[in-house]
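Along the sequence shown, residues carry numbers from 1. Just so you know, these numbers come straight off a predicted model, no measurement behind them. Whatever order the structure lists them in is the order used to number ligands and atoms, beginning at 1.
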Amino acid sequence: MPTNDVSDLASRLDDARSVTVITGAGVSAPSGVPTFRDDHGLWKNHRPEELATPQAFASDPTMIWEWYNWRRELVAQCQPNAAHHILAKWASSARVTTIITQNVDGLHERAGTDGVIRFHGSIWELRCWKECDAGKIAWQDSAVPLHPLPPRCPYCDELARPGVVWFGEHITPDVLSASLHAARCEVFLTIGTSAIVQPAASLVHTAKQGGAFTAEINLEPTPSSTEVDIAIQGSADHILVEIERQRDN
Ligand code: OAD
């Protein structure tokens with residue numbers, strides 16, 4: 001672990017009046033949630049990119065719902081890890097102003113963070129596939145397993161879909177504008193994301209252009225690594241524990 005970078009980041013976090021953190025699948029990996037772009041993310045030999053599209057849902061909604069049902073069952077058995085807990089502590093003590101997550105698993109909320117900006121939605125929410133008036137607003141459903149499968153819209157009895165953003169779909173406008181607003185901060189920290197899915201990946205550039213100090217924590221180098229001010233390689237939970245230890249001293 002590059003100790004100098006960790007202590008530099010710890011003191012930047014201490015001094016900043018506004019800190020925005022964006023998280024990706026690597027933050028939930030230590031909890032046992034598979035990331036998207038490694039072999040463990042595969043389900044029945046399908047890549048997530050093949051399954052997370054409106055076209056895939058239109059052609060086989062039952063298969064896509066089986067995949068989401070599998071992910072919901074898996075996540076329900078996972079617990080938030082040290083990274084989620086430390087970020088929750090920082091958010092509640094105003095050391096972190098905003099947490100944006102690309103993760104749809106709800107683990108930040110289960111660790112006690114309020115007001116998370118859920119960039120890609122939530123697997124615990126459903127919407128009407130046909131976007132009927134009442135059903136286009138997402139509703140919560142935490143049943144595990146889901147029954148019936150595929151689930152139906154309670155308002156019009158058409159198919160329900162997962163309340164997530166799929167490839168080829170737009171980020172909800174108020175989520176995008178809140179995220180762009182949060183990118184105007186003093187320190188912008190990106191953790192556990194491959195930094196290739198847009199527009200989430202460009203938020204760090206927006207922050208940098210706005211004058212933020214930028215940092216990345218990831219197991220391996222990403223396309224952002226050469227652009228951020230500090231790139232720390234290591235597991236999100238271990239690095240955040242180390243930063244927390246240094247901030248407490
Ligand atoms: P990816 O699976 O693309 O990338 C996960 C990143 O986390 C990789 O760069 C890993 O090296 C890193 N990583 C793994 N374990 C880690 C650990 N313990 N500590 C730190 N880093 C670790 O996941 P995302 O970047 O989150 O979108 O993917 C972005 C989006 O693509 C997802 O939100 C999802 C997916 O398709 C939608 O569902 C729309």
Side-chain angles (χ1 to χ4, degrees), residues 1-2 5-6 9 21-43 46-57 64-65 67-68 70-72 74-75 78-87 99-108 116-125 127 138 161-172 175-176 179 189-204 215-228 230-243:
M1 186 187 304
D5 284 350
V6 171
L9 178 55
V21 177
I22 182 163
T23 64
V27 166
S28 292
S31 295
V33 182
T35 62
F36 291 94
R37 289 173 182 79
D38 65 31
D39 288 345
H40 304 296
L42 298 180
W43 175 76
H46 295 283
R47 300 207 158 269
E49 297 91 324
E50 295 164 5
L51 301 169
T53 68
Q55 293 78 9
F57 187 81
I64 300 305
W65 265 118
W67 180 52
Y68 278 97
W70 169 77
R71 290 173 62 193
R72 285 163 59 107
L74 192 150
V75 169
C78 294
Q79 300 303 324
N81 64 61
H84 297 108
H85 288 300
I86 289 170
L87 289 171
I99 295 180
I100 305 167
T101 190
Q102 296 169 81
N103 299 342
V104 293
D105 55 31
L107 289 178
H108 282 301
V116 177
I117 299 180
R118 288 199 305 251
F119 208 77
H120 290 156
S122 168
I123 51 168
W124 304 110
E125 289 185 351
R127 296 202 308 269
R161 59 161 284 173
V164 300
V165 178
W166 282 327
F167 289 100
E169 295 185 318
H170 293 293
I171 305 299
T172 312
V175 166
L176 186 58
S179 302
L189 174 57
T190 170
I191 315 177
T193 172
S194 55
I196 56 175
V197 174
Q198 296 292 358
S202 62
L203 287 172
V204 65
E216 174 188 70
I217 299 169
N218 207 70
L219 267 189
E220 57 191 9
T222 76
S224 289
S225 303
T226 51
E227 303 195 25
V228 292
I230 295 180
I232 299 171
Q233 276 181 41
S235 190
D237 50 346
H238 297 158
I239 303 289
L240 290 185
V241 165
E242 180 57 20
I243 292 173

> Has the side chain of Arg72 got a donor or acceptor atom that lies under 3.5 Å from a matching backbone atom of Ile123?
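A pair under 3.5 Å: yes.
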
> Please state which protein non-hydrogen atom is closest to atom 29 (C) of ligand 1 and give its distance, to 0.1 Å?
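Scanning the protein heavy atoms, the shortest distance from atom 29 (C) of ligand 1 goes to Gln102 OE1, 3.3 Å.
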
> Is the closest side-chain donor-acceptor distance between Ser225 and Glu216 under 3.5 Å?
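Yes, side-chain donor-acceptor contact under 3.5 Å.
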
> Scan side-chain atoms only and decide if His120 and Thr101 contain a donor-acceptor pair under the 3.5 Å cut-off.
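Judged by distance alone, the side chains do not pair up.
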
> Could you tell me the residue and atom name of the protein heavy atom closest to atom 27 (O) of ligand 1, and the distance to it rounded to 0.1 Å?
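Its nearest protein heavy-atom neighbour is His120 ND1, 3.4 Å.
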
> Quick one: nearest non-hydrogen protein atom to atom 30 (C) of ligand 1, plus distance?
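Residue, atom and distance for the closest contact: Val197 CG2, 3.8 Å.
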
> At what distance is the nearest protein heavy atom to atom 25 (O) of ligand 1, and which residue and atom is it?
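So the nearest neighbour among protein heavy atoms is Thr193 OG1, 2.7 Å.
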
> Looking only at protein heavy atoms, which one is nearest to atom 17 (C) of ligand 1, and what is the separation?
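For atom 17 (C) of ligand 1, the nearest protein heavy atom comes out as Gly26 O, 3.2 Å.
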
> Can you report which non-hydrogen protein atom sits closest to atom 10 (C) of ligand 1, along with the distance?
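Closest protein heavy atom to atom 10 (C) of ligand 1: Asn218 ND2, 3.8 Å.
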
> Could you check whether the rings of Tyr68 and Trp166 sit parallel, tilted or perpendicular, using 30° and 60° as the cut-offs?
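Ring orientation, 0 to 90° scale: tilted.
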
> So which heavy atom in the protein is nearest atom 11 (O) of ligand 1, and how far is it from that ligand atom?
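That would be Glu220 OE2, 3.0 Å.
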
> Provide, to 0.1 Å, the distance between atom 39 (C) of ligand 1 and the closest protein heavy atom, together with that atom's residue and name.
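The closest heavy atom on the protein side is Val165 O, 2.8 Å.
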
> Has ligand 1 got any nitrogen or oxygen that is less than 3.5 angstrom from a nitrogen or oxygen of Leu219?
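Yes: some nitrogen or oxygen of Leu219 is under 3.5 Å from one in ligand 1.
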
> Between ligand 1 and Ala201, can you find any atom pair, the residue atom being a heavy atom, that is separated by under 4.0 Å?
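No, Ala201 has no heavy atom closer than 4.0 Å to ligand 1.
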
> Which value, rounded to the nearest 0.5 Å, describes the distance between His84 atom NE2 and Cys78 atom SG?
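The distance works out to 9.5 Å.
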
> Check for me whether Pro30 has a heavy atom closer than 4.0 Å to any atom of ligand 1.
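The answer is yes, since Pro30 has a heavy atom less than 4.0 Å from ligand 1.
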
> Roughly how far apart are Thr172 OG1 and Ile117 CD1, rounded to 0.5 Å?
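The OG1 atom of Thr172 sits 11.5 Å away from the CD1 atom of Ile117.
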
> Should the pair Glu220-Arg37 be classified as a salt bridge under the 4.0 Å nitrogen-to-oxygen rule?
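No, this pair does not count.
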
> Is Trp166 close enough to touch ligand 1? Criterion: a residue heavy atom under 4.0 Å from a ligand atom.
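No, Trp166 has no heavy atom closer than 4.0 Å to ligand 1.
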
